[in-house]
Engineer: 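Mind looking over this structure? Questions follow.
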Number of protein chains: 2
Amino acid sequence: MTETSTHFKVPVGSSEGAACLGPDGSVAHVTRTLQMINGRWKLPILFRLYAEPSMRTSQLKRDMPGISQKMLTQHLRELERSRLIERRDFGEQPPRVEYKLTEVGRALMPVLTAAKEFSIRHAA
Amino acid sequence: MTETSTHFKVPVGSSEGAACLGPDGSVAHVTRTLQMINGRWKLPILFRLYAEPSMRTSQLKRDMPGISQKMLTQHLRELERSRLIERRDFGEQPPRVEYKLTEVGRALMPVLTAAKEFSIRHAA
DNA sequence: CCGTATCCCAATAGATACTG
DNA sequence: CAGTATCTATTGGGATACGG
């Protein structure tokens with residue numbers, strides 16, 4: 001099990017009243033998006049890949065002082081599973097692996113920007 | 001300590017390279033917003049208060065089967081501290097307390113909607 | 001009705017060591 | 001260089017009991 005699930009699961013069952021309120025079935029959808037970026041280093045990774053066309057594993061690691069190999073790989077895998085980033089293994093020796101944002105990953109940026117704007121304007 | 005902080009803290013120090021990438025100092029800001037809604041029952045609560053002008057504690061509890069008194073109160077406190085909701089104690093006997101979204105809370109909705117739209121369009 | 005206090009468990013993240 | 005495997009520490013969430 002290399003999955004990081006957090007507590008951001010949809011409240012209980014499927015047709016729980018809890019999961020389907022707001023405009024419509026909002027909670028579950030919002031939760032799904034938040035899941036994707038929930039993790040200590042997900043945003044730092046995403047923003048880096050947003051700024052650069054692509055980055056090697058070691059570049060990412062150097063850019064984020066404090067992250068461990070384990071957490072880096074783990075979060076990269078999760079972001080990959082979420083289809084936000086793409087992994088490319090060049091099959092060279094020594095190993096060369098690069099990551100880049102997918103179209104989906106780029107489509108997420110407006111959401112993050114909205115969250116950022118909100119923080120700037122309304123946060124204490 | 002009644003604070004629920006989760007791991008969504010900004011990566012390490014203050015002027016860490018990690019915290020300030022993207023368009024500008026995005027990570028920290030986005031993180032701050034995500035903090036506010038990070039918690040098992042935060043979204044369910046917010047969406048309920050979005051649908052209703054105000055709700056009593058017991059109403060919220062009834063509407064969210066599975067939530068415990070403890071978690072309800074805890075999350076309500078945190079949302080209050082984040083200025084997303086307002087608490088009103090009528091000082092009656094038996095107790096009567098009502099919660100409602102603040103203006104800030106309403107301002108958050110577009111962000112949640114953006115996240116929801118993203119999920120609908122791009123999630124597997 | 002509304003809130004607090006405990007105890008417990010599950011899930012994450014960090015540190016460290018090891019492999020191709 | 002890139003990734004895996006362990007072990008540990010922390011913490012958020014659930015259950016339960018109690019109090020104003």
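Quick note on labels: first sequence line is chain A, next is B, and so on, each numbered from 1.
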Engineer: Base, sugar-phosphate, or nothing: which does A:F90 touch, judged by heavy atoms less than 4.0 Å apart?
Structural biologist: nothing

Engineer: Tell me the interatomic distance from A:K61, atom NZ, to D:dA2, atom C1', rounded to whole angstroms.
Structural biologist: 11 Å

Engineer: What's the closest nucleotide to the A:V97 side chain, out of C:dG14, D:dA2, D:dC1?
Structural biologist: D:dA2

Engineer: Can a side chain N or O of B:W41 be found less than 4.0 Å away from OP1 or OP2 on D:dG14?
Structural biologist: yes

Engineer: Under 30°, 30 to 60°, or over 60°: which ring-plane class applies to B:Y50 and B:F47, parallel, tilted or perpendicular?
Structural biologist: perpendicular

Engineer: Nearest whole Å is fine: how far is C:dG20 C1' from A:D89 CG?
Structural biologist: 12 Å

Engineer: Please pick, from D:dA2, C:dT4, D:dG13, the nucleotide with the shortest atom-to-atom distance to any side-chain atom of B:Q69.
Structural biologist: C:dT4

Engineer: Can you find a side chain N or O atom of A:S58 that sits less than 4.0 Å from OP1 or OP2 on D:dA2?
Structural biologist: yes

Engineer: Check the phosphate of C:dC1 against B:R56, side-chain N and O only, distance under 4.0 Å to OP1 or OP2. Yes or no?
Structural biologist: no

Engineer: Please pick, from D:dG14, D:dC1, C:dC1, the nucleotide with the shortest atom-to-atom distance to any side-chain atom of B:R62.
Structural biologist: C:dC1

Engineer: Can you tell me the distance, in whole Å, between the CE atom of A:M71 and the C1' atom of D:dA5?
Structural biologist: 15 Å

Engineer: For C:dC2, does OP1 or OP2 lie under 4.0 Å from any side-chain N or O of B:R96?
Structural biologist: no

Engineer: Taking the minimum atom-to-atom distance to the side chain of A:R40, which one of C:dT4, D:dG13, C:dA13 wins?
Structural biologist: C:dA13

Engineer: Can you name the salt bridge (Lys or Arg N to Asp or Glu O under 4.0 Å) partners of B:E98, sequence neighbours left out?
Structural biologist: B:R96

Engineer: Starting from the 5' end of DNA chain C, give me the residue, B:E98 or B:K70, whose nearest nucleotide shows up first.
Structural biologist: B:E98

Engineer: Using a strict 4.0 Å threshold on nitrogen-to-oxygen distance, state whether B:R121 and B:E117 make a salt bridge.
Structural biologist: yes

Engineer: Do other residues, nucleotides or ligands put more than 12 heavy atoms under 6.0 Å from B:K100 NZ?
Structural biologist: no

Engineer: Rounded to the Å, how far apart are B:Q74 CD and D:dA15 P?
Structural biologist: 14 Å

Engineer: Tell me if the CD atom of B:E80 is crowded by more than 12 foreign heavy atoms within 6.0 Å.
Structural biologist: yes

Engineer: Give, for atom CD of A:Q35 and atom NZ of A:K42, the distance between the pair rounded to the nearest 0.5 Å.
Structural biologist: 8.0 Å

Engineer: Output yes when at least one side-chain N/O atom of B:H75 is less than 4.0 Å from OP1 or OP2 of D:dG12, else no.
Structural biologist: no

Engineer: Please state how far atom CG in A:L76 lies from atom P in D:dC1, giving the value in whole angstrom units.
Structural biologist: 15 Å

Engineer: Can you check the A:Q93 CD to C:dT19 P distance for me, whole Å?
Structural biologist: 16 Å

Engineer: What's the CG-C1' distance between A:N38 and C:dA11, to the nearest Å?
Structural biologist: 12 Å

Engineer: Between D:dT4, D:dG13, C:dT4, which nucleotide gets closest to the side-chain atoms of B:R77?
Structural biologist: C:dT4

Engineer: Rounded to whole angstroms, how far apart are CG on B:L72 and P on D:dT16?
Structural biologist: 17 Å

Engineer: Please pick, from D:dG20, D:dC1, D:dG13, the nucleotide with the shortest atom-to-atom distance to any side-chain atom of B:P95.
Structural biologist: D:dG20

